[in-house]
Amino acid sequence: MNEYLKSQLVQAAQEFGTPLYVYNARTIEEQYNKLKESFAGLRYRIFYASKALTNISILRLIHSLGAGIDCSSINELKMALHAGCSPSNILYTSNGISFDEISEAVALGAHVNIDSLSNLKKFGEKFKSNYPVGIRLRPNILAGGNLKISTGHDKSKFGIPVEQINEVVQIAKMYDLQITCLHIHTGSEIKDVEIFIKGLQVLFELIPQFPNLQVIDLGGGFKVPYKPEEEGTPMHELGKALVKAFQEVDTTYGKQFEVWFEPGKFMVSEAGYFLTEVNVIKETKHVTFVGVNSGFNHLIRPMFYDAYHGIVNLSNPNGDPHKYTVVGNICETDTFATDRALPEVKEGDLLAFLNAGAYGFEMSSNFNSRYKPAEVLILKDQLHLIRKRDTWEDLIKQQIQVIE
Ligand SMILES: *Cc1c(COP(=O)(O)O)cnc(C)c1O
């Protein structure tokens, strides 16, 4: 982290308090540019998977760069519209949702991917050939950082299992459906190019059965580095492999297919910093605990996924390293990092958790009746508050008191 960014984070904490999420717009733009460069040889579209971070200022920023928005709930779709995205730039990839929501997404004019035979039938009955539709398939490929974030394997709930493709084709014929897109999203934190190509091959084999097909949607799941020595998905290599694969398939079928991507983590993970303050240092026989003024109510990834988040001691960045176990202040085991070497930490120090842009604020809660953090965007060197911290009123406004 460069000195200038450090000073901006310190300033954000002073101005807006902690715990605080801070996002750097420049990093988001850089990530988007990496995608553009890597995929330049393809006919591609990018739809940012907004569930990673849905703040409307973030949606507006990403949309202004040229990306569409991918949604996983009807409210995310409405959020994308609210942020100024036109329906033709919105994709709704469903997963176990009710048919009512699919109908609503159609009424709002978004692209829709359907993930069950039952909803596909209902879609056929209601819309026939009047509205193009995509199919979310489960390719039976094990991919992604761990099982919790793996969505394409043969026991996963996501998508229509590819072995049921004949039933998809039957339903399509019965209702004269225009199936224009085949979609897969096999997991998150997929590092290997071969996994993407393997998924692609599964879809390519199905092309002859879908005469209206225009789009191959490969979902998201690009890996970004979390640990210092880790590497992300080699995007240029992936781009090259995809160009080659699409050239072949375009030639075979005499058609020019588009490829769509739905990156979430790739766009925002590294742009985000979660700032906390050290409440207590607790020395014990075996462990020195650093207790911060937050917990898994604000950043759940370490407890939920065993995720690693780098930590920077902004108050003493060049101090001598010591081993610490960094924990939260809520009434549950709540460990952010175990036996982590950090420059000497004192009570009152400001700690920044790295890679906090994706699935950070978005998965936060009010557990222990704590307030959700505020969010700040660094845009052209200026700090902008883009979400206020919760207040007491937020905690009680939906509750109804019935006991006299
Ligand atoms: C979550 C999700 C994504 C984004 O995944 P990342 O790992 O954040 O890139 C893309 N597409 C769909 C359908 C998703 O559910």
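First listed ligand is number 1; within each ligand, the first listed atom is number 1. By convention here, the first residue in the shown sequence is residue 1.
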Original post:
Are the side chains of Thr180 and Leu213 in touch, meaning some heavy atoms are under 4.5 Å apart?
Top reply: no
Subject >> Sequence neighbours excluded, every pair satisfying salt bridge (charged side-chain N to carboxylate O under 4.0 Å, His left out) that has a member inside residues 82-101 >> reply: none
What are the distances between nitrogen or oxygen atoms of ligand 1 and protein nitrogen or oxygen atoms, counting only those under 3.5 Å?
{"from": "ligand 1", "atom 1": "7 (O)", "to": "Ser188", "atom 2": "OG", "distance (Å)": "2.4"}
{"from": "ligand 1", "atom 1": "8 (O)", "to": "Lys265", "atom 2": "N", "distance (Å)": "2.7"}
{"from": "ligand 1", "atom 1": "8 (O)", "to": "Tyr359", "atom 2": "OH", "distance (Å)": "2.6"}
{"from": "ligand 1", "atom 1": "9 (O)", "to": "Gly221", "atom 2": "N", "distance (Å)": "2.8"}
{"from": "ligand 1", "atom 1": "9 (O)", "to": "Gly264", "atom 2": "N", "distance (Å)": "2.9"}
{"from": "ligand 1", "atom 1": "11 (N)", "to": "Glu262", "atom 2": "OE1", "distance (Å)": "2.6"}
{"from": "ligand 1", "atom 1": "15 (O)", "to": "Lys51", "atom 2": "NZ", "distance (Å)": "2.8"}

Subject >> Side-chain touch Phe16/Leu275, heavy atoms, less than 4.5 angstrom >> reply: no
Original post:
Quick one: does Trp260's side chain get under 4.5 Å of Glu262's, heavy atoms only?
Top reply: no
Original post:
Listed by chain and number, what are the salt bridge (Lys or Arg N to Asp or Glu O under 4.0 Å) partners of Glu258, not counting sequence neighbours?
Top reply: none
Sequence neighbours left out, cut at 3.5 Å: what donor-acceptor pairs do the side chains of residues 322-331 make with other protein atoms?
{"from": "Tyr324", "atom 1": "OH", "to": "Val345", "atom 2": "N", "distance (Å)": "3.0"}
{"from": "Thr325", "atom 1": "OG1", "to": "Asp339", "atom 2": "N", "distance (Å)": "3.2"}

